[in-house]
Amino acid sequence: MEVDEAKEDFGDFTLPCFSLAKEMKKNPALIAKEIAEKLKDEYFEKIEAVGPYVNFWINAKKLAELTLKEILSEELFKFPKKENIIVEHTSANPTGPLHVGRTRNSIIGDSLARIMRKYGYNVEVQYFVNDVGKQVATLLWGIKNIKIEEENVRGDYRYVPYYQAAYRELEKNPKIEEAIQEIIWKYERGDEELRKIAKKYVGSVLKGIEESLKNINIHFDNFVWESSLVNKAREVADSLKEYLKEDNGAFYIDLKELGVEGKERLYLFRRDGTTLYPLRDIAYHLIKGEKARKNVDVLGEDHKLHFQAIKKIVKILNKDIELDALFYSFVNLPEGKMSTRRGKVVYLDDLLKETEARVRDIIKDRGYKEDEIEKITRVIAVGAIRFHILNVQEEKPMTFRWEDALNFEGESAPFIQYTHARATSILQKADWDGEYSIESISHPQEIKLLKLMAKYPSMVENAAERLSPYVMARYAYALASQFNQFYRDCPVLNSEENVRNARLAIVKAFKKLIKDVLELLGIEAPEKM
RNA sequence: GGGCGCGUGGCCUAGCAUGGAUAGGGCGCUGGCCUUCUAAGUCAGUGGUCGCGGGUUCGAAUCCCGCCGCGCCCGCCA
């Protein structure tokens with residue numbers, strides 16, 4: 001028999017009796033009534049038939065006792081240790097500053113890594129630095145051939161004009177393509193001069209990207225440069241010999257033969273013998289597979305077909321590797337697609353700046369001390385940005401609108417952070433020895449909040465198994481919203497002592513839990529707002 | 001043309017994997033609530049052909065088929 005979660009006001013669990021009715025050829029309402037009369041269990045305080053449903057009410061005291069005990073002793077936050085896993089995210093071409101579209105990848109990836117870590121995996125976060133391909137070659141060509149007045153700004157902003165200018169030149173004069181191909185060819189063969197300038201400029205752009213992400217609480221354990229695995233790529237190609245087919249000097253794999261639909265050929269080598277991205281990506285995943293059997297890539301929806309193909313090939317070469325991907329859709333602007341090349345972008349740094357300005361404007365009359373302002377501004381702005389992105393299911397497209405991003409009411413991080421600050425404030429004002437009695441818990445809002453808190457482990461499990469950080473974002477909001485109900489209806493400090501102590505325990509548990517959940521989203525929980 | 005994804009009030013969005021009881025939230029707009037723990041809060045009102053059509057089922061936003069709209073991919077780019 002399957003029991004479902006019930007809707008509000010219909011208990012905690014429910015058993016619809018329709019299928020039983022069919023089997024037994026009896027009225028479902030009658031069956032429900034019979035079942036309800038027969039069942040008795042200490043974990044349920046009420047079992048009742050309502051029409052064709054049997055509704056179960058959980059024993060609230062027992063649940064309250066367990067939930068409080070487990071949260072306050074950290075027991076609820078423990079998950080069994082699991083194996084190694086590598087989460088790869090961002091991996092943006094280092095040709096310019098990070099824009100908001102790309103940032104969706106970073107924020108989702110970073111939160112996923114946090115969730116996986118909490119769930120018990122030993123997580124390593126990697127950034128695959130694409131320094132070999134055409135984009136970077138185009139940047140290098142621009143740096144060598146175009147004269148631009150350099151501004152004294154961070155690397156990603158300093159060099160992106162070369163990239164944009166090079167693309168403009170390329171569109172005007174397709175012959176430049178050959179020069180760019182030559183750069184690729186030389187670079188792959190380890191040309192000293194090129195490697196040196198690549199290291200300097202690409203490294204500098206990358207530093208800028210890293211800096212931007214650090215500002216919103218995103219860090220990497222490892223940057224793997226694509227150029228470092230050209231040799232591995234050739235080894236891989238050797239192992240794939242029986243699948244390789246030639247076309248005019250270039251080599252490809254027949255995807256139809258592998259059962260991949262939507263594309264016929266996956267080219268691995270150019271006619272000039274240089275490797276192509278798919279081959280290097282396969283090599284990369286095999287190397288990752290040596291470190292961690294489990295791998296998750298956070299990828300834009302444009303990579304779906306590519307991923308399908310390389311997953312298949314990686315599987316041929318090492319069947320133990322378990323490779324999954326979390327796909328997300330692009331962030332658009334109201335006027336259309338973002339594009340670094342055409343300069344139609346909102347950069348992450350500008351978003352952060354604007355968001356911070358908005359926060360400052362709101363808090364200017366709230367009596368913060370000078371030295372507190374910067375800290376709290378950053379915490380709230382970062383939270384607002386991260387939550388705004390995480391609150392939308394990954395696969396859904398989203399349109400970036402300033403008015404929405406800068407709205408700190410309703411479904412937003414500041415709303416959630418605010419509940420944490422409220423809880424903190426109550427605890428700070430209370431003179432409490434930590435003792436409480438379950439017997440004093442009875443208010444419906446207390447019970448509702450505790451029931452929601454009890455779902456924490458299943459929420460983490462769900463988010464981890466489904467590779468969906470947004471599950472945690474929804475949960476964070478639900479918790480905060482429920483806490484506000486409790487806050488409204490259940491005075492803590494002014495209640496009779498036993499009730500007060502029980503409520504203090506609930507507030508303390510909530511504070512711990514919401515802080516933990518926010519941390520899984522990469523959002524800090526301020527003590528004061 | 002083929003493959004994949006998305007389509008829920010004016011706008012954003014949950015629910016779809018595992019079909020069930022009046023489709024949850026938020027923004028916006030209108031009107032209330034600070035002599036009680038932080039009003040970034042809260043309450044009420046407003047607003048819905050769950051893209052369209054068919055099918056399966058006692059029951060479909062959810063599953064199946066067809067269609068329409070939008071996005072992405074189908075490169076010796078990455």
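Per chain, numbering begins at 1; letters A, B, ... match sequence-line order. Atoms considered below: every heavy atom in the structure, side chains included; atoms not considered: hydrogens, waters and symmetry mates.
Separation of the P atoms belonging to B:A44 and B:C50 is 25 Å when rounded to the nearest angstrom. Distance noted for atom C1' between B:C67 and B:C73: 22 Å (whole Å). Across B:G66 and B:U49, the matching P atoms stand 27 Å from one another, rounded to whole Å. Comparing the same atom, C1', in B:G24 and in B:G5 gives a spacing of 24 Å after rounding to whole Å. B:G47 and B:C29 have their C1' atoms separated by 10 Å, with the value rounded to a whole Å. Straight-line distance between the C1' atoms of B:G9 and B:C4: roughly 29 Å, to the nearest whole Å. Taking atom C1' on both nucleotides, B:G51 is separated from B:A40 by 37 Å, rounded to a whole Å. Here, B:A17 and B:A61 have their P atoms 13 Å apart, quoted to the whole Å.
Nucleic acid contact for A:F18: base, since at least one base atom lies under 4.0 Å from a heavy atom of the residue. Residue A:I380 is in base contact, counting any heavy-atom pair closer than 4.0 Å across all strands shown. When heavy atoms are screened at a 4.0 angstrom cut-off, A:Q428 is found touching no nucleic acid atom at all. Among the atoms of the strands shown, only primed sugar atoms or phosphate atoms (P, OP1, OP2) are found under 4.0 Å from some heavy atom of A:Y470. Counting any heavy atom pair closer than 4.0 Å across all strands shown, A:N248 reaches a base atom. Residue-level contact check: A:R280 touches the backbone only, with heavy atoms under 4.0 Å from sugar-phosphate atoms and none from bases. A:C490 comes within contact range of at least one nucleobase, with a heavy-atom separation under 4.0 Å. Residue contacts shown for A:G133 are limited to sugar-phosphate atoms, with no base heavy atom under 4.0 Å away.
Pairing of B:C58, defined by two Watson-Crick or G-U wobble distances under 3.5 Å, is identified with B:G20. With both pairing distances under 3.5 Å, B:G75 is matched to nothing as a Watson-Crick or G-U wobble pair. Pairing for B:G28 goes to B:U46, judged as Watson-Crick or G-U wobble with the two contacts each under 3.5 Å. Across all strands shown, B:C37 forms no Watson-Crick or G-U wobble pair with both distances under 3.5 Å.
Taking the ring centre of A:Y328 as origin, the terminal cationic atom of A:R104 falls outside the region bounded by 6.0 Å and 45° from the ring axis. Taking the ring axis of A:F408 as reference, the NZ or CZ atom of A:R358 stays within 45° of it and closer than 6.0 Å to the ring centre.
Closest to the side chain of A:V392, out of B:U13, B:A40, B:C43, is B:U13. In the set B:U42, B:C37, B:C76, B:C76 carries the atom at the smallest distance from any side-chain atom of A:D247.
For the pair A:P414 and A:R271, both in contact range of RNA chain B, the more 5′-proximal nearest nucleotide belongs to A:P414. Taking the nucleotide of RNA chain B with the nearest heavy atom to each of A:T275 and A:K528, the more 5' of the two is matched to A:K528.
At a non-hydrogen distance threshold of 4.0 Å, nothing from residues 180-188 of chain A comes into contact with RNA chain B.
Taking the six-membered ring for Trp and the full ring otherwise, A:F251 and A:Y267 have centroids separated by 6.0 Å or more. For A:F128 and A:Y284, the gap between ring centers is short of 6.0 Å. Taking the centre of each ring, A:Y163 and A:Y167 come in below the 6.0 Å mark. Outside the 6.0 Å centre-distance limit, the rings of A:F483 and A:H420 are not counted as a close aromatic pair. A ring-centre distance under 6.0 Å is found for A:F327 and A:F307.
Phosphate contact (OP1/OP2 of B:C16, side-chain N/O of A:Q393, threshold under 4.0 Å): absent. Under 4.0 angstrom from either OP1 or OP2 of B:C37 there lies no side-chain N or O belonging to A:R503. For B:A40, the OP1/OP2 oxygens have no side-chain nitrogen or oxygen of A:R422 closer than 4.0 Å. Distances shown here put every side-chain N or O of A:N484 at or beyond 4.0 Å from the OP1 or OP2 atom of B:G41.
One atom, CZ of A:F307, and another, C1' of B:C4, lie 14 Å apart when rounded to the nearest Å. We find that NZ of A:K256 is positioned 14 Å from P of B:G2, with the value rounded to whole Å. In this structure, OH of A:Y475 is placed 25 Å from P of B:U13, rounded to the nearest angstrom. Atom CG of A:D431 and atom C1' of B:C37 are 15 Å apart (whole Å). Spacing between atom CG of A:L244 and atom C1' of B:C76 amounts to 14 Å, rounded to whole angstrom units. Taking atom CD of A:E226 as the reference point, atom P of B:C77 lies 13 Å away to the nearest angstrom. Between the OH atom of A:Y487 and the P atom of B:C43 there is a distance of 14 Å, given to the nearest Å. In this structure, CD of A:E356 is placed 20 Å from P of B:A40, rounded to the nearest angstrom.
Note that the CG atom of A:L98 and the CG atom of A:L351 stand 11.0 Å from one another [nearest 0.5 Å].
A salt bridge links A:K134 to A:E177: at least one charged side-chain nitrogen sits closer than 4.0 Å to a carboxylate oxygen. In summary, A:D254 and A:K263 do not engage in a salt bridge, as defined by a charged side-chain N under 4.0 Å from a carboxylate O. Between A:E394 and A:R466 there is no salt bridge, since no side-chain N of the basic residue sits under 4.0 Å from a carboxylate O of the acidic one. Between A:K511 and A:E527 a salt bridge is recorded (basic side-chain N to carboxylate O distance below 4.0 Å). Under 4.0 Å is where a charged nitrogen must lie from a carboxylate oxygen, and between A:K304 and A:E395 at least one such pair does. In this structure, A:R474 pairs ionically with A:E411, as a charged nitrogen and a carboxylate oxygen lie closer than 4.0 Å.
Base orientation of B:C34: syn, the glycosidic angle falling within 90° of 0.
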> Going 5' to 3' along nucleotides 21-33 of chain B, which nucleotides have protein heavy atoms under 4.0 Å from the base (write B), which only from the sugar-phosphate (write S), and which from neither (write -)?
Replying inline: BB-BBSS------
> Which parts of nucleotides 68-75 of chain B does protein reach within less than 4.0 Å, heavy atoms only, written one letter per nucleotide 5' to 3' as B for base, S for sugar-phosphate only and - for none?
Replying inline: ---SSSSB
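Side-chain contact check for A:L206 versus A:W225: some heavy-atom pair is nearer than 4.5 Å.
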